[in-house]
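First comes the structure, then the notes that go with it.
Bear in mind the structure is a predicted one, so any value in this text is a computation, not a measurement. Atoms within a ligand are numbered from 1 in the order they appear, just like the ligands themselves. Reckoned from all heavy atoms, side chains included, excluding hydrogens, waters and symmetry mates.
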Amino acid sequence: MERVESNKLHQEALSHLVGGVNSPVRAFKSVHGDPIYFEHASGAIVTDVDGNEFVDFVQSWGPLIHGHAHPEILQNVYEKMQKGTSFGAPHLGEIELAKHVKNRFSHMDMVRFVSSGTEAVMSAIRLARGYTEREILVKFDGCYHGHVDSLMVNAGSGMATFGIASSPGIPRDIAGTTLIAPLGDKDAIEYLFRQHGGEIAAIVIEPLPANNGLLVQDHHFLQYLRETCDEHGSMLIFDEVISGFRFKDGSYGDMCGVTPDISALGKVIGGGLPVGAYGARKEIMENLSPLGPVYQAGTLSGNPLAMAAGSKTLDLLDEEAYDYLEYLGSQLEKEVTTVLEKHGNPMRLVRLGSLFWLSPGSGEPPVRADQIPKNAGELYADVHHGLLEMGYMLAPSAYEIGFLSTAHKEHHISGMSHALDQVLARLEVGT
Ligand SMILES: *Cc1c(COP(=O)(O)O)cnc(C)c1O
């Protein structure tokens, strides 16, 4: 597969953009490749600047649940665009999207729109800290919440302790307001609350951790977090930026029977335009300015084009759409698992609805970050490269999940399974 034009543009970009990209994982570093420059995309297919076509299982990292350039979403954005691209003032589109969100997240009385998932989580924790008048957060090793300073922390010398910044540029004092626990570990939570209970503003968790593989949590653990927060007057924040709107039965919290205090949303909610949101019951949301003292604002918040893309995306997510996504997901699971078994299970497929993770290693899927094999990236890089050469695009990192959209067809999935079979066979001959 020729990538002459892509490589040319990448070389040029290197002198203008850091690493040639505006978000690090796009650089293909962890699969030892160079980024591919897209020219256009439609449905499940992306076309690069050299004219190569790929079946896309990345879908802009989650937002495009109806695939690329869905005609009805484009039409809705186009119609709104004629009337102005940004008002900096209220408009009907915000009410429409808020109603959609409240329909799906029954604990929300009010919603605030922002422009990214990062912003949604960042604002949700400010609200929780403001409401509880406490400062400490609890987060889990292996959960990603965007590049929020207080949540860009790793476990230090041991788990269940204060975190250390995972990036330069984050003041030690800020990293030191966050406690880290392993996923699924009730004892660690109990210990942290025994030590710091009265100072903990919130527990923040992806109820379905999906940014470090897909680490499916036991419902009882989420229930335990709810009880612990209630007991200590702390808030439970569910970061559903990636899992929100992915399931027919509602939010992932709903599916587990656990109601958080605040939910943060992003990705699907904007249908491919920049939208994030957070919401909670009235008594909590009333603390936000202009009603209350907790400040949060945005020049482009509630942008009419973004609201239009989001509303149409959610309109189109009817029962039939969810059933189709589940149907595709089960096909993928069946076919890929058969291929993996044939090759002695070098990887496992973890799948929930339209989200999947091709996880290097065998046996029970990991549920905690430290259960993911350290060399997971090695086999994945070869598999990723092999599939790409055959026209199938998976995320360029072993720790990122794949996404199905309503634009995918059965033959895209069987084509990918078949290609995977060939790639694994070739890798076996090579070793
Ligand atoms: C993607 C993601 C974020 C960050 O959202 P951005 O729009 O990239 O800022 C936060 N939390 C979760 C769970 C995510 O998947």
Side-chain angles (χ1 to χ4, degrees), residues 21-27 57-65 97 101 105 112-128 137-153 166-167 170 178 183 202-217 222 225 236-247 251-253 255-256 260 262-279 296 298 300-303 306-307 309-310 313 350 352-357 369 395-397 399-404:
V21 294
N22 284 301
S23 196
V25 75
R26 296 180 195 170
F57 292 99
V58 184
Q59 294 291 332
S60 191
W61 306 88
L64 304 178
I65 200 163
L97 190 58
V101 174
F105 289 81
R112 169 64 61 86
F113 291 115
V114 291
S115 299
S116 71
T118 295
E119 225 187 316
V121 181
M122 183 186 79
S123 311
I125 63 176
R126 183 179 305 142
L127 179 58
L137 302 172
V138 174
K139 95 163 273 264
F140 294 91
D141 181 41
C143 284
Y144 176 69
H145 303 290
H147 60 96
V148 180
D149 275 356
S150 3
L151 298 176
M152 292 263 298
V153 289
S166 62
S167 161
I170 297 173
T178 304
L183 281 162
I203 296 181
V204 188
I205 187 170
E206 289 178 82
L208 177 61
N211 280 282
N212 194 21
L214 194 58
L215 307 173
V216 181
Q217 298 301 296
L222 300 173
L225 299 181
L236 182 60
I237 302 177
F238 277 178
D239 176 353
E240 295 223 40
V241 169
I242 211 164
S243 56
F245 308 104
R246 278 275 158 190
F247 301 101
S251 69
Y252 196 72
M255 287 164 64
C256 299
I262 310 177
S263 295
L265 301 170
K267 300 197 168 108
V268 169
I269 196 178
L273 267 72
V275 182
Y278 59 109
Q296 188 272 308
L300 292 174
S301 292
N303 174 268
M307 297 292 108
T313 295
V350 186
L352 227 56
S354 51
L355 308 176
F356 67 92
W357 180 37
S397 160
Y399 302 92
E400 301 286 348
I401 63 168
F403 299 90
L404 297 172

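The closest protein non-hydrogen atom to atom 8 (O) of ligand 1 is Thr118 OG1, 4.4 Å. If you check which protein heavy atom lies closest to atom 11 (N) of ligand 1, you get Asp239 OD2, 2.7 Å. Closest to atom 1 (C) of ligand 1, if we only count protein heavy atoms, is Lys267 NZ, 1.6 Å. Gly117 N, 3.5 Å is the protein heavy atom nearest to atom 6 (P) of ligand 1.
Considering only heavy atoms from C-beta on, Pro274 stays 4.5 Å or farther from Ser116 through its side chain. Under the 4.5 Å side-chain criterion, counting only non-hydrogen atoms from C-beta, Phe140 is not in contact with Asn212.
Side chain to side chain, Gln296 and Arg112 meet the donor-acceptor criterion of an N or O pair below 3.5 Å.
The aromatic ring centres of Phe245 and Phe105 sit less than 6.0 Å apart.
Phe247 and Tyr252 have tilted rings, their planes meeting at an angle from 30° to 60° on a 0 to 90° scale.
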*Could you walk me through whether Leu208 and Leu355 pass the side-chain contact (heavy atoms from CB on, under 4.5 Å) check?*
CA-CA 11 Å; Leu208 177 61; Leu355 308 176; 3.9 Å; yes
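Each of the atoms 12 (C), 13 (C), 14 (C), 15 (O) of ligand 1 lies under 4.0 Å from some heavy atom of Asn211. Every atom of ligand 1 with a heavy atom of Ser116 under 4.0 Å away is listed here by number and element: 7 (O), 9 (O).
Geometrically, ligand 1 and His145 share no nitrogen or oxygen pair separated by less than 3.5 Å.
Residue contacts with ligand 1 for Glu206 involve side-chain atoms from C-beta outward but no N, CA, C or O (heavy atoms, distance under 4.0 Å).
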